[in-house]
Structure formats: structure tokens, C-alpha cells
Amino acid sequence: MPHIQLPEGLPGIVSGFAFRPETAKPMRELAEILLRGSSSLTSGEREMIATLVSTKNDCYFCQASHRAAAAHHLSGNYELVDAVRFDYPNAPVSPKLKALLAIAAAVQKGGRHVTEEHIALARNEGATDLEIHDTVLIAAAFCMFNRYVDGLGTFTPTDQEQYDAMGARMAAQGYIAGN
């Protein structure tokens with residue numbers, strides 16, 4: 001049950017956005033830029049970063065919805081997304097993405113957990129400064145989004161088909177329009 005009077009029937013972050021549209025607009029725009037904007041990282045890779053952080057933060061709504069969005073960017077490959085969520089060092093992804101995921105996992109613990117070793121490894125694997133920057137910002141933003149969703153006690157569906165439909169919409173239409 002939500003901690004405040006949120007619009008009924010709207011899941012997760014969508015209810016917070018409906019409650020306060022003036023804050024929803026910049027938050028949606030940030031998500032659009034970070035997850036779908038111009039980048040050398042694919043949208044699927046960026047969604048996996050968001051999913052990893054949301055999983056580590058135990059935010060069910062965000063991990064389920066972004067898991068689905070990542071899978072839809074990856075031709076429905078939920079197995080790959082789950083491999084990243086639960087064991088990214090051994091997941092079948094590139095060494096560069098593993099290094100970026102390690103940075104995201106460190107940010108999730110706290111920004112000062114990112115070390116020079118994390119950055120050196122990412123650079124050695126070919127990560128650019130922009131990719132490192134965006135990984136840190138995606139991880140930090142998702143810590144905020146996760147805490148927003150869970151801090152308000154928003155409605156969290158349990159039906160995986162609902163999340164699959166949300167993920168398909170997010171992957172196809174993005175974050176600016178209501179999802």
C-alpha cells in the first residue's frame with residue numbers, strides 16, 4: 001500500500017510521475033537520454049546496467065520492468081539479462097561490459113566505492129570516458145529511481161506478462177511518453 005495518496009492502479013514509478021508531473025518530465029527525459037540516447041553502448045547494454053543496479057537495490061518494479069526492456073532490446077534474451085543480473089562476472093557479455101557493470105555495482109554501494117582499478121580495467125577493455133561517465137550516471141540515477149519507487153511504497157504488480165508488456169513499450173517507445 002502506498003505511503004501517500006497516489007493514483008490507483010498505476011504501477012511503480014508511473015504512479016509517482018502521475019502524482020507530480022512537473023518532476024516526472026525531467027526524470028523521464030533523463031531516462032530517455034541515458035537508456036536510448038546517442039551512445040556507443042547499445043540500449044540493451046544500458047538497460048542491463050539499470051537492471052543490475054535495480055536488482056542489487058532490491059527494487060522489484062524497476063528490476064522487472066528494465067529486465068524486460070533489456071530483453072526486448074536483445075531479441076527476447078531474458079537468459080542473458082538474468083545472467084548479468086545474478087552473476088555478471090561470468091555472464092556471456094564482452095569484457096568491456098563486465099568492467100562497466102563492475103563500476104555500476106560499485107556505484108550502487110556508494111560512489112566512493114568506484115576505484116582507480118575499476119576505471120583502469122574499463123579503459124583497458126576499451127571503455128571510453130563517455131561510456132564510463134554514462135555508466136556511473138545510469139547507476140546513480142537508478143539508485144534514485146529505485147528509492148523513489150520503494151520509498152513511496154508504490155503498487156508493484158507480480159504478473160510477469162505485465163512487465164513483459166511494459167518492457168516492450170519502453171524498448172519500442174522510450175521514456176518520454178507515459179509507460
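Here, residue 1 is the first one in the sequence, and each next residue gets the next number.
Remark: I132 CD1 to I119 CD1 distance equals 5.0 Å, nearest 0.5 Å. To the nearest 0.5 Å, the span separating CE on M27 from CD on E22 amounts to 11.5 Å. Atom OG1 of T154 sits about 8.5 Å away from atom CD1 of I13, to the nearest 0.5 Å. Between atom CG of residue L41 and atom CE of residue M48 there is a gap of 10.0 Å, rounded to the nearest 0.5 Å. Here the straight-line distance linking atom CD of E47 with atom OG of S65 works out to 8.0 Å at 0.5 Å rounding. The structure places OG1 of T158 at 13.0 Å from CZ of F61, a figure rounded to the nearest 0.5 Å.
Contact check for D134 versus R46: no side-chain heavy atoms found under the 4.5 Å cut-off. A 4.5 Å side-chain heavy-atom check between P2 and L152 finds every atom pair outside the cut-off. Residues F155 and L10 form no side-chain contact, since every pair of their non-hydrogen atoms from C-beta on lies 4.5 Å or further apart.
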Output a table of donor-acceptor pairs, distance under 3.5 Å, between side-chain atoms of residues 81-92 and any protein atom two or more places apart or on a different chain; print 'none' if there are none.
| unit_1 | atom_1 | unit_2 | atom_2 | d |
| --- | --- | --- | --- | --- |
| D82 | OD1 | R67 | NE | 2.7 |
| D82 | OD1 | R85 | NH1 | 2.9 |
| D82 | OD2 | R67 | NH2 | 3.0 |
| R85 | NE | T55 | OG1 | 3.1 |
| R85 | NH2 | Q63 | OE1 | 2.6 |
| D87 | OD1 | N90 | ND2 | 3.2 |
| D87 | OD2 | N90 | ND2 | 3.1 |

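The minimum heavy-atom distance linking H72 with A171 is given by the pair CB-CB, 3.8 Å. Between V107 and A140, the closest heavy-atom pair is CG1-N, 3.8 Å. In this structure, A18 and P7 approach most closely via the heavy-atom pair CB-CG, 3.7 Å. Between C62 and V149, the closest heavy-atom pair is SG-CG2, 3.9 Å. In terms of heavy atoms, H73 sits closest to S43 at CE1-CB, 3.4 Å. In plain terms, the two heavy atoms of C143 and V53 that are nearest each other are SG-CG1, 3.9 Å.
Using a 4.0 Å cut-off between charged nitrogen and carboxylate oxygen, R28 and E32 do not count as a salt-bridge pair. A salt bridge between E131 and K96 is present, with a side-chain N of the basic residue lying under 4.0 Å from a carboxylate O of the acidic one.
With sequence neighbours left out, the ring pair (Phe, Tyr, Trp, His ring centres under 6.0 Å) criterion links Y60 to Y163. For F142, the ring pair (Phe, Tyr, Trp, His ring centres under 6.0 Å) criterion is met by H66, F145, not counting sequence neighbours.
With a 6.0 Å radius and a threshold of 12 heavy atoms from other residues, nucleotides or ligands, Q162 has its CD atom above the threshold. Summarising the local packing, NE2 of H113 is surrounded by more than 12 heavy atoms from other residues, nucleotides or ligands at distances under 6.0 Å.
Just one of T135, I138, L121 meets the side-chain contact (heavy atoms from CB on, under 4.5 Å) condition when paired with I103; it is T135.
In this structure, L100 is not a member of the same hydrophobic cluster as I33, with clusters built from ILVMFWY side-chain heavy atoms closer than 4.5 Å. Under the 4.5 Å side-chain heavy-atom criterion for grouping Ile, Leu, Val, Met, Phe, Trp and Tyr, M170 is not connected to Y78 through any hydrophobic cluster. Both M144 and Y175 belong to a common hydrophobic cluster when Ile, Leu, Val, Met, Phe, Trp and Tyr are linked at side-chain heavy-atom distances under 4.5 angstrom.
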* To do: Evaluate the salt bridge (Lys or Arg N to Asp or Glu O under 4.0 Å) criterion for residues E125 and R123: first the C-alpha distance (whole Å), next the side-chain angles of each, then the deciding distance (0.1 Å), finally the verdict.
  => CA-CA 5 Å; E125 296 298 349; R123 285 189 175 131; over 6 Å; no

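Using a distance-only test at 3.5 Å, with no hydrogens or angles considered, no donor-acceptor pair links the side chain of N57 to the main chain of C59.
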